[in-house]
2 protein chains.
Amino acid sequence: MLPEPYDLLPTTARQSHTIAAGDVLFRQGARTLGLYVLITGRVHLERVGPNGERLIIHRATSGTSFAEASVFSERYHCDAIVMDAGELVRIDKSAVLAAFANPDFARAYGRHAAQQVQAHRQIMEIVGIRRAEDRVMAGIVAGLLDGTVVDFAARLQLTHEATYRALRALVEAGRVTNPSRGTYRLA
Amino acid sequence: MLPEPYDLLPTTARQSHTIAAGDVLFRQGARTLGLYVLITGRVHLERVGPNGERLIIHRATSGTSFAEASVFSERYHCDAIVMDAGELVRIDKSAVLAAFANPDFARAYGRHAAQQVQAHRQIMEIVGIRRAEDRVMAGIVAGLLDGTVVDFAARLQLTHEATYRALRALVEAGRVTNPSRGTYRLA
DNA sequence: TCTGGAATATGATTTCAATCATATGCTGCC
DNA sequence: GGCAGCATATGATTGAAATCATATTCCAGA
């Protein structure tokens, strides 16, 4: 099943594809076909700077959509390159644009987008905290430590070593508990 | 004039307010009235953690909206506190929800939100670059250096000192030009 | 069951950005 | 016109996170 709000679209709007490492889904400047939902695998969005610098715009992960803005644009403005094999669903630009005439879809889309924006803002605030210990604490308070510590560290833009050390310091300070290997909770 | 897409809403949906430092616009748990567009001034959104930690969720700046997700929620889930006096416009939750029945508004909202998400993802990628010089270069390539260097540094989550030093190093490396005091461009 | 890979965890060292300090240019305003 | 405040700019020092290294545990899969 597709994640919200794309589950509300007719099945005719979607096309499943398997992807292999190195595949190029689209190139900067190509006509837009639509957005993508990554089921499994990894995809990088990259932009090439005026002087040839490669700049990673986004790393798409399982269960998330990417290139949403392409629905509102004539041309892709970055490259999409498959890093790890997997599968994805392409969702037609025209189907999405048409679906905005359906208030249920429109509201679901709006809700989803608003929540995403909020989550991004919060992570950006947290990432702005300089001290690793404070940053990790804020990340825990924000509920970002749900999966592995390695994933958590990546979301905080810290190395996992720094994150483990901060977690230990927080445990020693009594602010966090470590009920079992790899699990941490607010004290 | 309000920023997109709220300019499409009927004027009856908006209420202008002047705000003073220290004012509380809403509290965590209060019934949601709607979202806000900050015209001038500064507003912080803060959440209080389970153990009383204050965590800044977002710093709203002039010309931007905040609490968009409240439109889809019964209760505010953070506090909104005015840091610097100014003025803002409150936009009724019910008016926004109703406006999603208008495909033009829905699409404008979708486009705006998708672009914001994209911009956030890009900034997060850039902020994840460790070396100050690489980060600053990426920021320039991404077109983030439009205002002052101080603002640019804040967006990159770097101190302005580190940013100035990186800019100088980039100029010395011939990757960036410094046509006049305070202005930098790609070489 | 063995094996390989990833997550967990922590120690030692290095590096580089933060911090502290200082100076100048520019702008608005009283 | 002078002063306050901010942006620009750079030097010196410090501190903390990155990096490098290593060990153990856990899990999936051959």
Length of the line joining [X]:[atom1] and [N]:[atom2], which is rounded to integer Å:
X        : N      : atom1 : atom2 : result
B/Leu145 : D/dA7  : CG    : C1'   : 13 Å
B/Arg130 : D/dA16 : CZ    : C1'   : 13 Å
B/His160 : D/dT8  : NE2   : C1'   : 9 Å
A/Ile129 : D/dA17 : CD1   : P     : 12 Å
A/Leu158 : D/dT19 : CG    : C1'   : 14 Å

### Query
Is A/Leu144 linked to B/Ile56 within one hydrophobic cluster, defined over Ile, Leu, Val, Met, Phe, Trp and Tyr using a side-chain heavy-atom separation of less than 4.5 Å?
no
Could you tell me whether the side chain of [X] and the main chain of [Y] form a donor-acceptor pair under 3.5 Å?
X        : Y        : answer
B/Thr177 : B/Ala187 : no
B/Gln157 : A/Met124 : yes
B/Asn178 : B/Thr183 : yes

### Query
In terms of the angle between their ring planes, are B/Tyr36 and B/Phe66 parallel, tilted or perpendicular, with boundaries placed at 30° and 60°?
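B/Tyr36 and B/Phe66: parallel rings.
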### Task
Please report how far the helix from C/dT1-D/dA30 to C/dC30-D/dG1 bends, comparing the axis fitted to its first five pairs with the axis fitted to its last five, to the nearest 10 degrees.
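The helix from C/dT1-D/dA30 to C/dC30-D/dG1 shows an end-to-end axis angle of 50°.
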### Task
Would you indicate what A/Tyr184 reaches in the nucleic acid, counting non-hydrogen atoms under 4.0 angstrom: base, sugar-phosphate, or nothing?
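Here A/Tyr184 touches the backbone only, sparing every base.
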### Query
With a 4.0 Å cut-off on heavy atoms, is A/Arg165 in touch with a base, just the backbone sugar-phosphate, or nothing at all?
base
### Summary
Contact span of DNA chain C against chain A, any nucleotide atom under 4.0 Å from a heavy atom, 5' to 3', runs C/dA7 to C/dA18
### Under-4.0 Å salt bridge between B/Arg47 and A/Glu125
no
### Query
Is A/Glu161 salt-bridged to A/Arg165, cutoff N-O under 4.0 Å?
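So A/Glu161 does not pair with A/Arg165 through a salt bridge.
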### Task
Find which nucleotide of DNA chain D each of A/Ala162 and B/Glu161 is nearest to by heavy atoms, and output the residue with the more 5' nucleotide.
B/Glu161
#### Entry: Minimum-distance nucleotide to B/Tyr164 side chain [options: D/dT19, D/dA17, D/dT8]
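When the side chain of B/Tyr164 is considered, D/dT8 is the closest of D/dT19, D/dA17, D/dT8.
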### Query
OP1 or OP2 of D/dT8 less than 4.0 angstrom from a side-chain nitrogen or oxygen of B/Arg181, does that happen here?
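The answer is no; no side-chain N or O of B/Arg181 sits under 4.0 Å from OP1 or OP2.
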### Message
Can you tell me if A/Thr159 touches the phosphate of D/dA18, counting only side-chain N or O atoms and a distance under 4.0 Å to OP1 or OP2?
### Response
yes
### Task
Determine, step by step, whether B/Arg107 and B/Arg111 satisfy the side-chain contact (heavy atoms from CB on, under 4.5 Å) criterion, reporting the C-alpha distance in whole Å, the side-chain angles of both residues, the deciding distance to 0.1 Å, and the verdict.
CA-CA 6 Å; B/Arg107 276 189 277 262; B/Arg111 186 163 54 81; over 6 Å; no
### Query
Quick check: are there more than 12 heavy atoms from other residues, nucleotides or ligands sitting under 6.0 Å from CZ of B/Arg54?
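No, CZ of B/Arg54 has 12 or fewer neighbouring heavy atoms, counting only those of other groups under 6.0 Å.
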